[in-house]
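Structure first, then comments.
No hydrogens, no waters, no symmetry mates; every other heavy atom, side chains included, goes into these values. Predicted model only: the values in this text are computed from it and were never measured. Proteins come first, then strands; the chains are lettered A, B, ... in the order of their sequence lines, and each starts at number 1.
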Amino acid sequence: MNLNEEKIIIEQAKKSPDAFAKLYDEYYSRIFGYVLKRVAQVDIAQDITSETFLKALKGLWSFRWKNVSFVFWLYRIASNEIANYFRKQKHSSFENVPEQASDEDVLADAIDAQKEIKRHQDFLKLQKAIKQVSFKEQEVITLRFFEKKKIKEIAKILGKREGTVKSLLHRGLKKLRDKIDCSQ
Amino acid sequence: MNEEKLIQQLEDASLPQIEIVSHRNRLRADLLNNYSKARRSGLMFAVCRKAALPVIVLVILFGLGFNNLILPRYNLAQAVAIAQKDPQVQEWLKQGAYIKEKRIIDNKVYILLQPAKVNRGEEATLSGKETDRQEESDQFLGALVEVEITEKRVSRIENAAPMVKSFMDSEEERIKEIMKNTPEAEKIIPNEAEILEIKISLPELEIKQNHSVKIMPEAVEEAHVIYYYDDEQKTAEMNVSESKMEYIEYLPKSGE
């Protein structure tokens, strides 16, 4: 979908649920994938993805086209939801126990998916180290290397200047190196 | 580990490509089922957000308008009413003084009283240069009245300082010369007319604000040249600063 097509669909989505469904179908995988790489837990990723799209739906009528892909806005919402999740986790004295899914299919799929993740040990090691740097640095590293975004795109997603993104990336990588070296 | 090695590791990491179709479909259905409800609240929020800024601007404009236009005018009107109740001010107003300016400075209202232009139409005596010294010292020259709105009273009255009341000889000669060479004056004032008096007008006053409020004379000086011929008096008003005649006026004869 190019930018012009996307712009038209967004305007249609404000009037028609089918048009909104097109946007959802286009971007669900990307957002779920991003969230999963940030939290490395399928059930949490599902919840955060659901919250992301729900907020996107509620905010659709206030959304203003700025000649930037809609998915960047979705990434921003997802980043904020991830931040909220980590903040709650920090203050919670309980371990994160996944809620019982009401849909058995969803639960079964989630269990299979979690097993699949455990096969990617190199990713999990990196992800564990990434979680130890600052939140802003986590965002930038994940978007850059796991989502393969360019600096310019990361700047648009996070609403920051490119210089700031580069600086966060450089600092984040330095801290990551130290964390990995310490753990070895 | 150096940075390049780390970057290589990050780029080469095998990333999980997981898709949970059941969750995807379930979420899609939930979102579309909630579309109408979300649309209603979303539209309302969008309208409120759009209206918020104009409403805020209107409120600010109204507040500014009230504070800068309505409230000051009300305060000025109140201050004039308070000043007019003061016996001294009442006396001056009866003598022909008028309110030249009103201003709000530091939460107080200052009212500038300008004396009437007593030289216009005033008959001069043939021995006009000698005036009664007592009358001169009693003459109202202007005043600044300070009014406390909150206390509803006149808190201070400052009288204008006595000004220089006559021209120097050299200035008088200059004025006479200007009048002689003014074509309009030549037509109306016969050559034989006698100059009874050259009076300096009471200067216009203004409120100036440096560190305090004062009465200061404005720069323009006016002279009144009173001519007498054939039992008739005429007065010519001249703008001395610009060296030009403003007008000529007939003065009423004695007994008129």
Side-chain angles (χ1 to χ4, degrees), chain A residues 14-18 20-21 24-25 28-29 32-33 36-37 40 42 45-46 49-50 53-54 56-63 101 103-110 112-114 116-127 130 141 144-146 148 170 173-174 176-178 180-181 184, chain B residues 1-70:
Chain A
K14 291 180 182 180
K15 297 168 196 162
S16 150
D18 290 338
F20 178 76
Y24 174 83
D25 292 339
Y28 169 87
S29 301
F32 178 75
L36 185 62
K37 286 173 198 117
V42 175
Q46 285 176 337
T49 304
S50 299
F53 278 99
L54 191 58
L57 177 62
K58 285 180 183 172
L60 188 62
W61 290 272
S62 306
F63 177 80
D103 192 323
E104 282 182 8
D105 285 343
V106 174
L107 178 60
D109 287 345
D112 288 342
Q114 197 63 39
E116 174 62 25
I117 287 176
K118 284 186 177 158
R119 291 194 198 108
H120 294 81
Q121 283 299 310
D122 50 346
F123 159 74
L124 285 171
K125 275 182 198 163
L126 286 168
Q127 200 267 348
I130 289 169
I141 291 172
R144 174 72 185 84
F145 295 107
F146 295 166
K148 313 293 182 194
H170 176 72
L173 286 173
K174 188 174 181 299
L176 193 58
R177 248 177 32 228
D178 294 339
I180 292 172
D181 287 344
Q184 278 170 358
Chain B
M1 181 194 294
N2 64 26
E3 189 168 300
E4 276 133 20
K5 201 174 172 191
L6 172 61
I7 288 171
Q8 199 62 57
Q9 217 176 332
L10 285 162
E11 283 175 351
D12 293 344
S14 156
L15 302 171
Q17 301 294 337
I18 293 167
E19 177 121 337
I20 303 180
V21 177
S22 54
H23 174 259
R24 180 187 179 130
N25 293 340
R26 175 80 176 270
L27 178 58
R28 190 180 196 274
D30 284 345
L31 289 167
L32 295 181
N33 287 336
N34 281 296
Y35 179 88
S36 303
K37 192 176 160 189
R39 184 166 189 247
R40 276 200 299 274
S41 59
L43 278 173
M44 208 181 308
F45 179 73
V47 165
C48 287
R49 215 172 80 162
K50 271 188 189 167
L53 185 60
V55 165
I56 290 167
V57 167
L58 276 172
V59 166
I60 289 170
L61 284 175
F62 178 76
L64 284 172
F66 187 80
N67 280 330
N68 294 331
L69 297 170
I70 298 167

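Considering only heavy atoms from C-beta on, B:L27 comes within 4.5 Å of A:Y28 through its side chain. Annotation: side chain of A:S50 is not in contact with side chain of B:R26 (no heavy-atom distance under 4.5 Å). Put simply, the side chain of A:R144 reaches to within 4.5 Å of the side chain of B:E11, judged on heavy atoms.
For the atom pair B:Q17 CD and A:K37 NZ, the distance stands at 5.0 Å (nearest 0.5 Å). Rounding to the nearest 0.5 angstrom, the gap separating the CD1 atom in B:I7 from the CZ atom in A:F145 is 4.5 Å. Rounding to the nearest 0.5 Å places CG of A:L54 at 7.0 Å from CG of B:N34. The distance from atom CZ of B:R28 to atom CG of A:D25, rounded to the nearest 0.5 Å, is 4.0 Å. The structure places CD of B:Q9 at 5.0 Å from CG of A:L126, a figure rounded to the nearest 0.5 Å.
Nearest heavy atoms, A:P17 versus B:L32: O-CD2, 3.4 Å. For A:Q46 against B:H23, the heavy-atom pair with the smallest separation is O-NE2, 3.3 Å. When all heavy atoms of B:I20 and A:A113 are compared, the closest pair comes out as CD1-CB, 3.8 Å. Across every non-hydrogen atom of A:D122 and B:A13, the tightest pair is OD2-CA, 3.9 Å. Here the closest non-hydrogen pair linking B:L10 and A:F146 is O-CE2, 4.0 Å.
Proximity to chain A (any heavy atom under 4.5 Å) is restricted, for B:N2, to the backbone atoms N, CA, C and O. Looking at A:L124, there are no atoms closer than 4.5 Å to chain B (heavy atoms on both sides), in backbone or side chain. The parts of A:I117 that come within reach of chain B are both its backbone and its side chain, each placing non-hydrogen atoms under 4.5 angstrom from that chain. Residue contact with chain B, scored on non-hydrogen atoms closer than 4.5 Å, involves the side chain of A:F20 exclusively. Of the atoms belonging to B:S41, not a single heavy atom falls under 4.5 Å from chain A. Contacts of A:K148 with chain B are made by side-chain atoms alone, with heavy-atom separations under 4.5 Å and no backbone atom involved. Using a 4.5 Å cut-off between heavy atoms, B:L6 touches chain A through its side chain atoms alone.
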Would you check, one step at a time, whether the test side-chain hydrogen bond (donor to acceptor under 3.5 Å, both in side chains) holds for B:R24 with A:S29? CA-CA 9 Å; B:R24 180 187 179 130; A:S29 301; 3.0 Å; yes
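By the 6.0 Å contact criterion, NZ on A:K58 is open, its count of non-hydrogen atoms from other residues, nucleotides or ligands being 12 or less.
Among the candidates B:E19, B:R39, B:K5, the residue making the largest number of heavy-atom pairs closer than 4.5 Å to chain A is B:R39.
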